[in-house]
Amino acid sequence: MDKRYDFSAEAERALYDDWEKRGAFRCAGRVDGKQPYTLMMPPPNVTGRLHIGHALDNTLQDILVRLRRQQGYDCLWLPGTDHAGIATQLLVSRQLAEQGIAVERLSREDFLAHTWRWKEQYGNIILQQLRRLGASCDWEKARFTMDEGLSCAVRRAFLELYEQGLIYRDERLVNWDPQLQTAISDLEVRQQEERGQLCLIDYPLIEERGVEKGASITIATMRPETLFGDLAVAVHPKDERYRALRGKRCLVPLAEREVAIIEDERVEREQGTGALKITPAHDFLDFEIGKTHGLALCSIFDAQARLNDEVPEAYRGLSREQARERVLVDLQSQGLLREIKQQTHSVPHGERSGVALEPKLTKQWFMNMEGLAKDALAAVERRETILIPQTWLNTWRRWLENIQPWCLSRQLWWGHRIPIWYTPDGEQVAAANEAEALQKAEARFGKKVVLRQDEDVLDTWFSSALWPFSTLGWGNEKEGDPNKAPLLQRYFSTQLLVTGFDILFFWVARMMMLSLRFKNCVPFKVVYLHALIRDGQGRKMSKSLGNVVDPIDLMDRYGCDALRFTLASQAVPGRDLRLSEKRIEGNRNFITKLWNAARFLEMQGCRYDENFKTKAVEGAVHRWMLTRLRALAEGLEEDLRDEVCLFHEAASKLYHFLWGVFCDEYLETIKPALAGKEDKDEKARNEARVVSAWVFYGVVRLLHPFVPFATERIFQECQVFASSKGRLLMTEKTLRAEDIVCGDWDDDVAETKWVLGLIDKIRSIRSDLGLSPKATVPWFGDVLDRTEKRLEKWGDVLRAMAGVEWRSIGEGREIGFVYDGVVEPKLFLPEEVDLKAMSVRIKKQLDDWNKVCKNSSAKLDNKKFKENAPHNILKAEEEKLTEAKNNMELLSNIQEDIKKIIKKLL
RNA sequence: GGGUGCGUAGCUCAGGGGUAGAGCGUUGCCUUCACACGGCAGAAGUCGUUGGUUCAAUUCCAACCGCACCCACCA
């Protein structure tokens, strides 16, 4: 093995290529009775580049998939990409513009041809980057949301929902993005706080009986430019201030339109002036109020939110912002602008374009979600699917209970075109393609008809909602039973979905709803929602802040394993994680530690032997080690169950086991045995070699899902595993707790712990005394026979690790110490010892024990404690007190010793 | 306005009814033949505040104070 581990991208690529070439990621299909285990990768945007969120997402999925494979499941992890309608169309348009091609001049067909070409050229970058991350998905099954099969599935789903009346066309107010010139769904709206002007405007009352001359009603608005669309002024029916104006009329200034003053309970008396201008075509509340009162609709904006021909000529063609200024100036000059107040308010913006949205009256396709939502909610309530962390359940309920129709159509070209054709009379014909539509139309109308397909495409999330089953073949064929696809029958439904909480409603809920609708079954049993990744200071990562970390760059510098391990160790359900480079560096060091442990075992001649049986092990420290290993395996099995998903716990257990337990304790302890040269030591040496190799093999397999590259490389290159040459670690079975058969080893485990504790103690004292780490210090003591035997038995270990050598008797300048309440050995002191430090230390220990003593006595004297505390607690408390008293006595003796020595020295 | 989560060591974060944990940083010692991307030893916390439940609260409950985020509304 090389002295240093090679973290380079090239080394990792070689390993990955080997896995892929050998088909290690392929699902097995219907063979050898293995249980299927399915995971759907959330398809990244085809325009995407791997960002840190993907890295987290896919690391966690990969850990589980690799583990399940090791556990013997037939795993299918299906990857793919999403066509990402708006994002892709924007990107390609921009690129074309750079090439001097004006998108507005292109035909739909030409634009799509360009986009497809772009997709062929760049669409696979993100998939390559996922390979870099080590993602072990079944690439041969990769899908794209606009490939032929999936497009077919989309049409089938749409048509079926259409036939059932769940999908319908309607003219309603929608959120309109004036830059992209398309409708978007409620979920794509982002509220942004903005400073604005609250304008109080006088609307003159129409003179009639009961109306004073020159009187007016004052309305308040943040959007004065919309007054051209005003069709009423509304007040609350119980508002005393406006009682006299009931049934009166007023004049909308500038528009010079007479409108009624109406009453409606939805008007808030406290807001503004309590009089609300009603612009039904440009405000959601106004739209509702207008509907109740039979008002017409008056749209004053065009698709780009410029004023249209409905407004007086002077204002036509102005932008929203220009119009606002102009209106204010004109109102001012007419003396109708009563007041302007500065006020912050939140304004809806388009998530993609970033511009302020405009409610706009258009014909769009909608999907009625109510029934679907009810079923999705019920399924989660019944725990057919569980959410991790569970705190999302509340949010889930809230959203599904208040669900609104989903605006499905987008005024774009890139996407699944709506499979509806119109006759010249506007009749709808639903069909999978034009030929079928013509046929249907002819049958329906008894003659040939000219048809025109709907221009719009579907929201990208519609195809995403079918992802868990469309990718497995559901509806991929034009006809026949959509459920017959073999992959679908074997691998649906899936076990687990891992994704960010930010798309819980966009995606997760909709998959749930459509899966229940089309498959009559939940699409996944567990949804693991991970949190957001923030930078070291806890800020959201954003391009504008410039704090976006590039996972590829991190992998280049620290290796993929270090990044993966860091992400896993920080993945605490329900909490944002801050990514600091220091942590990644620490985990890079961890990989190095692993590598060096392998080198050490290799050098020591430790070789893995598959015939080795744990039960035959005799050495106490080996028994202790195997017991610890079993506890580790048990812990990991529990932490990594689908419905638990405690990646951070698992990672931390592995970290501490390898570094703290295996390297620092176990390997150090067996070093003397490994170094044994004489024949009589041979048995111990052989046992040390074989057990350490066996344990290491277990650790490497347990670590593999987290750090696939380093473990694989060790498996292939380290002589410890020479007998396994040629096999891939990722195809090896994992280590199960049940593989470690332990005997009745309690005594050995206790003894080993005792020795390790003793070593700690001696080291600590040595350090205080300032003893040279190299010097071997003789020690002796008046101890129990049993203890003395132990000290002799572990003599080599104590010499190597604590630098002490046991003598059965001694006399001179020495100092005792307390361990375990029964041993009171003494260390011989060389001249240069720091007795003062030792003295301070003893004093502190005495104080500590004194505290414990007081505490315990107080508790034990408390009658209520004695009555109520459970037995084991009571017993522990009593033992604690005894120990404390004992130690205090011993420590006092030592204090005396020190005093004596100091006296002697003086 | 409704909801969710978080305040624990200098920093970043785990944990969880029975005398506080990790990584990084820091202090001292060690260039000992796996590893200085290392080893050994140490210092460092009234676990946000105030009440309540309990024999026992950092942990459970309530209120409050701060900090995030989500949903709705904003005339």
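In the text below, chain A, chain B and the rest are named by the order of the sequence lines, each starting its count at 1.
- Separating the CH2 atom in A/Trp399 from the CZ atom in A/Phe505 is a distance of 6.5 Å, to the nearest 0.5 Å.
- Contact check, A/His648 against B/G15: a side-chain N or O comes under 4.0 Å of OP1 or OP2.
- Within the 4.0 Å cut-off from OP1 or OP2 of B/C33, not a single side-chain nitrogen or oxygen of A/Lys671 is found.
- The phosphate of B/G7 has OP1 or OP2 within less than 4.0 Å of a side-chain N or O from A/Arg575.
- Atom P of nucleotide B/G5 and atom CG of A/Asp576 are separated by 14 Å, given to the nearest angstrom.
- Comparing the P positions of B/U19 and B/G10 gives an interatomic distance of 23 Å, to the nearest angstrom.
- Look at A/Lys774 and you'll find a side-chain N or O under 4.0 angstrom from OP1 or OP2 of B/U31.
- Here A/Asn589 reaches the OP1 or OP2 of B/G38: one of its side-chain N or O atoms lies under 4.0 Å away.
- A/Trp396 places its CH2 atom 16 Å from the C1' atom of B/C70, with the value rounded to the nearest Å.
- Within 6.0 Å of the CZ atom in A/Arg269, the count of heavy atoms belonging to other residues, nucleotides or ligands exceeds 12.
- Summarising the geometry, the separation between CG on A/Leu393 and C1' on B/G3 is reported as 13 Å, rounded to the nearest angstrom.
- Look at A/Arg799 and A/Asp796 and you find a salt bridge, because one of the NZ, NE, NH1 or NH2 atoms lies within 4.0 Å of a carboxylate O, short of that distance.
- A/Arg269 comes within 4.0 angstrom of no nucleic acid atom, judged by non-hydrogen atoms across all strands.
- Ionic pairing of A/Arg223 and A/Glu358 is present here: one or more N-O contacts between side-chain nitrogen and carboxylate oxygen are shorter than 4.0 angstrom.
- Between A/Glu867 and A/Lys864, no side-chain nitrogen of the basic residue sits less than 4.0 Å from a carboxylate oxygen of the acidic one, so the salt-bridge criterion is not met.
- Contact check on A/Glu401 versus A/Arg397 returns no salt bridge, with no Lys/Arg side-chain nitrogen under 4.0 Å from an Asp/Glu carboxylate oxygen.
- The residue A/Glu585 sits apart from the nucleic acid: no heavy atom pair falls under 4.0 Å.
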Full working for side chain to side chain donor-acceptor pair (under 3.5 Å) between A/Tyr242 and A/Glu263
CA-CA 10 Å; A/Tyr242 299 112; A/Glu263 292 173 298; over 6 Å; no
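- The shortest distance between the side-chain N/O atoms of A/Trp399 and the OP1/OP2 oxygens of B/C70 is not below 4.0 Å.
- Between A/Ala275 and A/Asn394, the residue anchored closer to the 5' end of RNA chain B is A/Asn394, taking for each the nucleotide with the nearest heavy atom.
- With rounding to whole Å, A/Leu771 atom CG is found 18 Å from B/C40 atom P.
- At a threshold of 4.0 angstrom between heavy atoms, the contacts of A/Ile591 with the nucleic acid are absent.
- Here B/C33 presents its P atom at 13 Å from CG of A/Asn596, a figure rounded to the nearest Å.
- Ranking B/A75, B/C37, B/A34 by closeness to the A/Gln604 side chain, first place goes to B/A34.
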Between the protein and nucleotides 42-44 of chain B, list the N/O to N/O atom pairs that are separated by less than 3.5 angstrom.
unit_1, atom_1, unit_2, atom_2, d
B/G42, OP1, A/Ser764, OG, 2.9

Evaluate the criterion ring-ring contact (aromatic ring centres under 6.0 Å, His included) for residue pair A/Tyr558 and A/Phe7; output intermediate values, then yes/no.
CA-CA 7 Å; A/Tyr558 299 103; A/Phe7 285 102; 8.6 Å; no
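- Rounded to the nearest 0.5 Å, atoms CG (A/Leu60) and CZ (A/Phe706) are 9.0 Å apart.
- Residue-level contact check: A/Pro389 touches neither bases nor backbone, having no heavy atom under 4.0 Å from any strand.
- Contact annotation for A/Arg398: backbone-only contact, meaning every heavy-atom pair under 4.0 Å involves sugar-phosphate atoms and none involves a base.
- The nucleotide whose nearest atom lies closest to any side-chain atom of A/Asn868 is, among B/C37, B/C55, B/G25, B/C55.
- No hydrogens or angles were tested; on distance alone, nothing pairs the side chain of A/Arg763 with the base of B/C40 as donor and acceptor under 3.5 Å.
- Applying the side-chain hydrogen bond (donor to acceptor under 3.5 Å, both in side chains) test between A/Glu194 and each of A/His349, A/Gln343, A/His345 identifies A/His349 as the sole match.
- Remark: RNA chain B forms stems of 3 or more consecutive Watson-Crick or G-U wobble pairs, all pair distances under 3.5 Å, at B:1-7 with B:65-71, B:10-13 with B:21-24, B:26-30 with B:38-42, B:48-52 with B:60-64.
- Cation-pi geometry between A/Lys671 and A/Phe600 is met: the NZ or CZ atom falls under 6.0 Å from the ring centre, inside 45° of the normal.
- In this structure, A/Glu668 reaches the bases: a heavy-atom distance under 4.0 Å links it to at least one base atom across the strands shown.
- Residue A/Val572 is classed as a sugar-phosphate contact, given heavy-atom separations below 4.0 Å to backbone atoms only.
- In this structure, CZ of A/Arg397 is placed 11 Å from P of B/U4, rounded to the nearest angstrom.
- When distances are taken from the side chain of A/Leu276 to each of B/A75, B/G39, B/A36, the shortest belongs to B/A75.
- The distance from atom NZ of A/Lys866 to atom C1' of B/C55 is 13 Å, rounded to the nearest whole Å.
- When the P atom of B/G23 is taken as reference, atom CD of A/Gln570 falls 14 Å away, rounded to whole Å.
- Between A/Asp230 and A/Lys277, at least one side-chain N (NZ, or NE/NH1/NH2) sits under 4.0 Å from a carboxylate O, which counts as a salt bridge.
- Each of A/Arg599 and A/Thr273 has a nearest nucleotide on RNA chain B; the 5'-most of these lies closest to A/Arg599.
- Counting non-hydrogen atoms under 4.0 angstrom, A/Lys593 reaches a base of the nucleic acid.
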